[in-house]
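The block underneath contains the structure these notes are about, expressed in structure tokens.
These figures come from a predicted structure and were not determined experimentally. The analysis underlying the following values was restricted to heavy atoms, covering all of them including side chains, and did not include hydrogens, waters or symmetry mates.
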Amino acid sequence: VQLQASGGGLVQAGGSLRLSCAASGGTISSYSMGWFRQAPGKERTFVAAIRDADRNTFYANSVKGRFSLSRDNAKNTLFLQMNSLKPEDTAVYSCAAVRATYNAGSYYDPKNYDYWGQGTQVTVSS
């Protein structure tokens, strides 16, 4: 499966953005999918994931209550709605997919994903 992330941009603190991850060459409902982010000089960190089997969603504590995942099977696209954005949310956001069903904790590790899209820059100004 090939993944194409989009929707990043510059937004003021408190604003919103919606990121998209469009898939081709595979059906997203057959994959567990996740979003990760990487700020300059920092490691890639988990943001959110959705499990293929039951569509359960998992979120990093830092984004719970502000970010939400949704999946449009007809468009074969995963969305990350980001509200109440903070300057510390500034990073390159990447989507990833794996054709596997894990326990929740495994979705936090980027090594457990097989497919990655290119990143999209999100910049939140204070």
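Minimum heavy-atom separation, G119 to S94: CA-OG, 3.5 Å. Of all the heavy atoms in A39 and T90, the pair that sits closest is CB-O, 3.7 Å. Heavy atoms only, all atoms of each residue included: G34 and Y113 are closest at N-CE2, 3.7 Å. Across all non-hydrogen atoms, the minimal contact from G8 to T120 is N-OG1, 3.0 Å. Taking every heavy atom of both residues into account, D52 and S29 meet most closely at CB-O, 4.0 Å. When all heavy atoms of R37 and S62 are compared, the pair lying nearest together is NH2-OG, 3.4 Å.
Applying the ring-ring contact (aromatic ring centres under 6.0 Å, His included) rule to pairs touching residues 39-58 yields F36-F46, F46-Y108, F58-Y107, sequence neighbours excluded.
Listed for the N76 side chain is a donor-acceptor partner under 3.5 Å among the backbone atoms of G26. Q38 places no side-chain N or O within 3.5 Å of a backbone atom of A91 that could act as its donor or acceptor partner. In this structure, D54 contributes its side chain and N56 its backbone to a donor-acceptor pair below 3.5 Å.
Side-chain contact, T77 with D72: no donor N or O sits under 3.5 Å from an acceptor N or O.
Partners of Q4 by side chain to side chain donor-acceptor pair (under 3.5 Å), not counting sequence neighbours: none found.
How far CZ of R51 is from OG of S106: 10.0 Å, rounded to the nearest 0.5 Å. Between S84 atom OG and K86 atom NZ the span is 8.0 Å, to the nearest 0.5 Å. Between the OG atom of S32 and the CZ atom of R55 there is a distance of 12.0 Å, given to the nearest 0.5 Å. Note that CZ of R71 and OG1 of T57 are 11.0 Å apart. Values are rounded to the nearest 0.5 Å. Distance CZ/R99 to OG/S30: 4.5 Å, rounded to 0.5 Å.
The hydrophobic cluster around Y31 extends to V1, L3, V11, L17, L19, I28, M33, W35, V47, I50, Y59, V63, F67, L69, L78, L80, M82, L85, Y93, Y115, V122, V124, counting ILVMFWY residues whose side-chain heavy atoms fall within less than 4.5 Å of a member.
Counting heavy-atom neighbours within 6.0 Å of N73 CG, excluding the residue itself, gives a total above 12.
Taking hydrophobic clusters as Ile, Leu, Val, Met, Phe, Trp and Tyr residues chained together by side-chain heavy-atom distances below 4.5 Å, Y102 shares a cluster with W116.
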